[in-house]
2 protein chains.
Amino acid sequence: MKGRRRGADLEEALLDAAWLELTERGYAGLTMEAVATRAGTSRPVLARRWDGKADLAIAAIRRQIAKHPLEVPDRGDLRTELLELLEHASNRVRGIAAVFTLFFSEYFHETSSTPQSLRTALLAGNPQPLAAILERGVKRGEIAPEKLVPPVSTLLSDLFRHHAIMTFAPPPPELRVAWVDSIFLPLVRAD
Amino acid sequence: MKGRRRGADLEEALLDAAWLELTERGYAGLTMEAVATRAGTSRPVLARRWDGKADLAIAAIRRQIAKHPLEVPDRGDLRTELLELLEHASNRVRGIAAVFTLFFSEYFHETSSTPQSLRTALLAGNPQPLAAILERGVKRGEIAPEKLVPPVSTLLSDLFRHHAIMTFAPPPPELRVAWVDSIFLPLVRAD
DNA sequence: TCAATAAGATGCAAGAATGTATCTTGACGA
DNA sequence: TCGTCAAGATACATTCTTGCATCTTATTGA
């Protein structure tokens with residue numbers, strides 16, 4: 001027997017269990033009961049820490065973000081880095097879809113916030129991989145800064161997110177290449 | 001008194017009530033009880049027609065699509081037509097957001113389909129306004145057909161949908177113009 | 001070693017929503 | 001006009017989840 005877990009140990013185990021439930025069942029199918037069972041404990045333990053489903057789910061998402069930061073080192077080439085970012089992000093699609101099951105739950109009808117604002121809140125304080133890559137691209141002279149206007153600068157992540165939302169599946173490599181070569185780079189390339 | 005409704009009359013009233021509930025409460029907050037009350041009737045009347053929440057919600061969405069088709073006539077100019085389409089679509093954002101509350105409900109964990117496939121199924125048989133506009137653009141020589149590859153041809157509707165999903169609000173006119181002038185047209189323009 | 005604290009088990013009542021059965025009443029068609 | 005069928009009202013059992021209270025037990029730190 002591994003004994004009884006306490007404090008941070010237990011909390012992490014609970015959040016991981018919640019994350020798994022969230023990805024497998026979605027927010028609508030998430031129950032305190034199932035999380036407790038999965039973590040090998042019981043509901044009162046959860047109730048002592050979080051206020052309800054929403055609170056628990058948000059905490060679980062926060063932990064995932066902190067646990068698996070998405071970073072792309074300097075590769076010396078904008079295109080390479082963009083494709084690498086998209087490839088890494090593709091492994092997260094199931095998680096992204098799960099997060100949106102929260103975004104589109106009754107939670108928003110109660111708080112009257114938007115997925116956008118919750119996303120911003122969740123990502124606050126975390127590194128912004130795409131922004132870092134674009135910045136390097138500008139420094140290298142690969143990107144014309146004046147072409148990097150708001151709807152363009154978020155274009156790739158928006159397209160990726162949209163694809164994840166609509167298909168629940170990672171974008172195939174050809175599609176990722178098309179986003180970069182046929183859409184994004186032609187729009188920002190310094191020429 | 002307006003008397004007792006029957007058949008198609010009643011069915012339409014029920015579907016309209018369901019649509020209103022869906023837009024106001026979201027799919028998670030949709031109850032047969034509330035729909036029945038709103039339509040001035042009782043649950044058994046609903047139960048005789050639809051199998052459950054999902055069935056009812058899909059029928060209600062179908063009716064809305066059929067009731068308010070989105071069409072843009074030939075204006076002789078690609079840019080004008082695109083902006084007109086985006087403007088009209090902007091009035092539908094609340095409805096689109098409501099539809100996604102269904103897309104991200106437990107419904108998909110049960111049917112294991114995707115928002116994409118349900119969207120396709122819902123739109124089947126209905127006019128595709130963007131496709132029609134692009135076709136005219138090609139005919140007029142405003143668009144280079146070889147540039148209209150898959151991720152580009154759906155770019156505008158994807159961006160619009162993504163914005164609707166993330167903000168629950170219509171895109172401001174400047175943003176719509178930026179999508180068209182700074183992103184889409186430069187990518188497809190025949191030059 | 002021992003007391004304090006929190007983990008973990010269990011039970012119960014409450015609330016929400018659904019499915020279904022039954023019954024009355026109104027509307028339409030032969 | 002009258003019979004049929006569906007609309008509409010009502011009630012009941014069921015299911016699912018939660019919140020709360022209680023009790024036991026393991027772990028930690030003084």
Side-chain angles (χ1 to χ4, degrees), chain A residues 1-22 24-60 98 101-102 104-111, chain B residues 1-22 24-60 98 101-102 104-111:
Chain A
M1 300 308 266
K2 58 178 173 170
R4 181 177 284 189
R5 299 156 297 185
R6 295 197 142 227
D9 254 18
L10 177 59
E11 184 148 331
E12 286 169 19
L14 291 170
L15 288 178
D16 286 344
W19 175 254
L20 287 176
E21 281 293 316
L22 188 62
E24 288 178 15
R25 308 268 176 177
Y27 181 74
L30 184 72
T31 68
M32 305 297 253
E33 180 73 49
V35 173
T37 303
R38 178 161 219 151
T41 180
S42 57
R43 283 189 291 119
V45 179
L46 291 186
R48 285 171 193 136
R49 290 162 198 272
W50 299 282
D51 226 16
K53 270 176 74 164
D55 201 26
L56 172 60
I58 289 176
T101 63
L102 163 64
F104 279 90
S105 68
E106 73 283 359
Y107 176 72
F108 284 100
H109 285 82
E110 288 160 5
T111 65
Chain B
M1 302 303 269
K2 58 177 176 172
R4 181 177 285 188
R5 297 157 300 184
R6 296 197 139 227
D9 254 17
L10 177 60
E11 184 149 331
E12 285 169 19
L14 291 170
L15 288 177
D16 287 343
W19 176 254
L20 287 176
E21 281 293 318
L22 188 61
E24 288 178 16
R25 309 269 177 173
Y27 181 75
L30 184 72
T31 68
M32 305 296 256
E33 181 73 49
V35 173
T37 302
R38 177 160 218 152
T41 180
S42 57
R43 283 190 290 117
V45 179
L46 290 186
R48 286 170 192 136
R49 290 161 198 273
W50 298 282
D51 226 15
K53 271 176 73 165
D55 201 27
L56 172 60
I58 289 175
T101 62
L102 162 64
F104 280 90
S105 68
E106 74 282 0
Y107 175 72
F108 285 100
H109 285 83
E110 289 160 4
T111 65

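So that the names make sense, note that chain A is the first sequence line, chain B the second, and so on, each numbered from 1. These numbers were taken from a predicted model, which means no experiment stands behind them.
The side-chain hydrogen bond (donor to acceptor under 3.5 Å, both in side chains) test applied to A/Glu24 returns A/Arg38, not counting sequence neighbours. A search for side-chain hydrogen bond (donor to acceptor under 3.5 Å, both in side chains) contacts involving B/Glu33 returns B/Arg43, not counting sequence neighbours.
The interatomic distance linking A/Asp9 (CG) with D/dT27 (P) rounds to 13 Å, in whole Å. Between B/Arg49 atom CZ and C/dG19 atom C1' the separation is 17 Å, expressed in whole Å. We find that CG of B/Leu46 is positioned 14 Å from P of C/dT20, with the value rounded to whole Å. Taking atom CG of B/Leu10 as the reference point, atom P of D/dA6 lies 12 Å away to the nearest angstrom. C/dA17 atom C1' lies 14 Å from atom CD of B/Glu21, rounded to whole Å.
Taking 4.0 angstrom as the limit, A/Thr41 places none of its side-chain polar atoms (N or O) nearer than this to OP1 or OP2 of C/dA7.
Using a 4.5 Å cut-off on side-chain heavy atoms (C-beta onward), A/Leu102 and A/Ile58 make contact. Between A/Leu30 and A/Glu21, the closest side-chain pair of non-hydrogen atoms falls below 4.5 Å.
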query: What one-letter contact string describes nucleotides 11-22 of chain D from 5' to 3', where B marks a base within less than 4.0 Å of any protein heavy atom, S marks contact via sugar-phosphate atoms alone, and - marks no contact?
result: B-----SBB-B-

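Minimum interatomic distance between B/Tyr27 and B/Lys53 (heavy atoms only, all atoms of both residues): O-NZ, 2.9 Å. Taking every heavy atom of both residues into account, B/Ala59 and B/Trp50 meet most closely at CB-NE1, 3.5 Å.
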